[in-house]
Participant: 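Would you mind keeping the following structure in view while I ask a few things?
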Amino acid sequence: YYSISVAAGSDRPLALSAPARLPGPAPASAAVIPSFSTTVAPDQLDAVTAFFDAYLTGHGELARFVSATSQIPVFAEPPYESLSVARTGADSLGRIRVEVDALTALQGRHRLDYTVEMTFERGVWEVADLVSVMPAG
């Protein structure tokens with residue numbers, strides 16, 4: 001690794017110093033992968049299932065299941081006809097991982113995987129954030 005001082009004030013950069021050798025950065029620590037091994041509470045499971053049904057199929061009132069501060073983008077038209085929650089689990093931070101089996105209007109089947117952050121407001125569970133989980137590979 002090297003450091004070079006450069007002046008960028010004109011239309012062409014100008015080197016102001018000779019390259020100086022630097023030590024390389026410290027190795028990146030291994031990313032901690034959360035374990036979603038805790039069972040999801042029944043009332044949270046009901047809320048997250050109803051949220052995905054409203055969000056992905058348009059069945060139900062989506063606003064009821066989304067927190068006021070959420071910035072979850074809404075589909076112009078729901079992309080699926082029906083769905084079922086295949087698997088869930090919670091991590092130590094209270095996030096929920098949800099695998100959903102969804103069926104399109106043309107009978108296409110998709111397995112969707114999300115991590116959901118929820119809040120408990122006014123006596124009901126609401127989705128605060130939603131992250132699509134990218135497959136490992």
Side-chain angles (χ1 to χ4, degrees):
Y1 292 89
Y2 294 90
S3 173
I4 301 173
S5 297
V6 176
S10 65
D11 60 343
R12 295 186 330 177
L14 176 65
L16 300 176
S17 69
R21 194 168 196 177
L22 300 174
S29 62
V32 176
I33 300 172
S35 171
F36 293 92
S37 57
T38 304
T39 302
V40 177
D43 56 340
Q44 276 187 299
L45 182 57
D46 290 344
V48 81
T49 300
F51 162 78
F52 278 110
D53 198 32
Y55 181 65
L56 295 173
T57 69
H59 303 145
E61 184 182 343
L62 183 61
R64 155 46 195 101
F65 301 102
V66 178
S67 70
T69 59
S70 173
Q71 305 229 348
I72 297 171
V74 179
F75 293 104
E77 291 193 30
Y80 297 100
E81 291 292 313
S82 64
L83 63 84
S84 63
V85 174
R87 187 173 12 173
T88 62
D91 70 3
S92 62
L93 300 175
R95 295 175 299 192
I96 299 172
R97 185 163 183 181
V98 181
E99 290 183 16
V100 176
D101 288 330
L103 185 67
T104 67
L106 299 174
Q107 304 304 303
R109 296 181 187 280
H110 298 150
R111 170 66 59 100
L112 309 172
D113 198 350
Y114 293 96
T115 298
V116 179
E117 291 181 7
M118 300 184 82
T119 60
F120 193 68
E121 301 288 335
R122 302 174 308 278
V124 294
W125 286 104
E126 296 176 331
V127 175
D129 198 11
L130 179 66
V131 179
S132 179
V133 177
M134 297 303 292

Participant: Starting at CE of Met118, measure out to CG of Leu130 and round the result to the nearest 0.5 Å.
Facilitator: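 Atom-to-atom, Met118:CE and Leu130:CG are 10.5 Å apart.
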Participant: Check ring pair (Phe, Tyr, Trp, His ring centres under 6.0 Å) between Phe65 and all other residues, then give those that pass, not counting sequence neighbours.
Facilitator: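 Partners of Phe65 under the ring pair (Phe, Tyr, Trp, His ring centres under 6.0 Å) test: none.
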Participant: Report the residues that fulfil side-chain hydrogen bond (donor to acceptor under 3.5 Å, both in side chains) with Thr39, sequence neighbours left out, ordered by chain and then residue number.
Facilitator: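 If we apply the side-chain hydrogen bond (donor to acceptor under 3.5 Å, both in side chains) test to Thr39, skipping adjacent residues, there are no hits.
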Participant: So which pairs with a foot in residues 98-107 pass salt bridge (charged side-chain N to carboxylate O under 4.0 Å, His left out), sequence neighbours left out?
Facilitator: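 Listed by first then second residue: Arg87-Glu99, Glu99-Arg111, Asp101-Arg111.
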Participant: For Leu103, check side chain to side chain contact (heavy atoms under 4.5 Å, CB included) against everything at least two apart and list the hits.
Facilitator: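 Expected list: Ser82, Gln107, Arg109.
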Participant: Using the salt bridge (charged side-chain N to carboxylate O under 4.0 Å, His left out) criterion, which residues pair with Asp129? Sequence neighbours excluded.
Facilitator: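 Checked Asp129 against salt bridge (charged side-chain N to carboxylate O under 4.0 Å, His left out); zero matches.
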Participant: Quick one: side chain to side chain contact (heavy atoms under 4.5 Å, CB included) partners of Val6, sequence neighbours excluded?
Facilitator: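 If we apply the side chain to side chain contact (heavy atoms under 4.5 Å, CB included) test to Val6, skipping adjacent residues, the hits are Ile4, Pro13.
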Participant: Kindly assign one of parallel, tilted or perpendicular to the pair Tyr55 and Phe51, based on the angle between their ring planes and the thresholds 30° and 60°.
Facilitator: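 Aromatic pair Tyr55/Phe51 classed parallel.
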Participant: Would you name the heavy atoms of Ser67 and Thr119 that are closest together and state the gap between them?
Facilitator: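 Closest approach of Ser67 to Thr119: CB-OG1, 4.0 Å.
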Participant: Would Val98 end up clustered with Phe36 when hydrophobic side chains under 4.5 Å apart are linked, directly or stepwise?
Facilitator: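 Result: no, two separate clusters.
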Participant: Let me have the donor-acceptor pairs involving side chains of residues 69-81, under 3.5 Å, with sequence neighbours excluded, atom names and distances please.
Facilitator:
unit_1: Ser70; atom_1: OG; unit_2: Ile72; atom_2: N; d: 3.3
unit_1: Ser70; atom_1: OG; unit_2: Ala128; atom_2: O; d: 3.3
unit_1: Tyr80; atom_1: OH; unit_2: His110; atom_2: ND1; d: 3.0

Participant: Test of understanding: with side chain to side chain contact (heavy atoms under 4.5 Å, CB included), list the residues that count as partners of Leu16, not counting sequence neighbours.
Facilitator: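 If we apply the side chain to side chain contact (heavy atoms under 4.5 Å, CB included) test to Leu16, skipping adjacent residues, the hits are Ser5, Ala7, Leu14.
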Participant: Determine, for Asp91 against Arg97, whether the closest basic-nitrogen to carboxylate-oxygen distance falls under 4.0 angstrom.
Facilitator: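 Between Arg97 and Asp91 there is no salt bridge, as every charged N stays at least 4.0 Å from the carboxylate O atoms.
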Participant: Out of curiosity, does Val100 fall in the hydrophobic cluster containing Val66 (side-chain heavy atoms, cut-off under 4.5 Å, transitive links)?
Facilitator: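 In one cluster: yes.
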Participant: Quick one: ring pair (Phe, Tyr, Trp, His ring centres under 6.0 Å) partners of His59, sequence neighbours excluded?
Facilitator: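 In terms of ring pair (Phe, Tyr, Trp, His ring centres under 6.0 Å), with neighbours along the sequence ignored, His59 is linked to no residue.
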Participant: Under a single-linkage definition using a 4.5 Å side-chain heavy-atom cutoff for Ile, Leu, Val, Met, Phe, Trp and Tyr, are Phe120 and Val48 assigned to the same hydrophobic cluster?
Facilitator: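 Yes, Phe120 connects to Val48 through the hydrophobic network.
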Participant: Could you list all the salt bridge (charged side-chain N to carboxylate O under 4.0 Å, His left out) pairs where at least one residue sits in residues 115-127, not counting sequence neighbours?
Facilitator: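 Sorted pair list: Arg122-Glu126.
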Participant: Before you tell me yes or no, could you show the steps for Val116 and Trp125 under side-chain contact (heavy atoms from CB on, under 4.5 Å), namely the whole-Å CA-CA distance, both residues' side-chain angles and the distance that decides it to 0.1 Å?
Facilitator: CA-CA 12 Å; Val116 179; Trp125 286 104; over 6 Å; no
Participant: Rounded to the nearest 0.5 Å, what separation is found between the OG1 atom of Thr38 and the CD1 atom of Ile96?
Facilitator: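 One gets 10.5 Å once the value is rounded to the nearest 0.5 Å.
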Participant: If you measure from CG on Leu83 to OG1 on Thr104, what distance do you get to the nearest 0.5 Å?
Facilitator: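 Going from the CG atom of Leu83 to the OG1 atom of Thr104 covers 12.5 Å.
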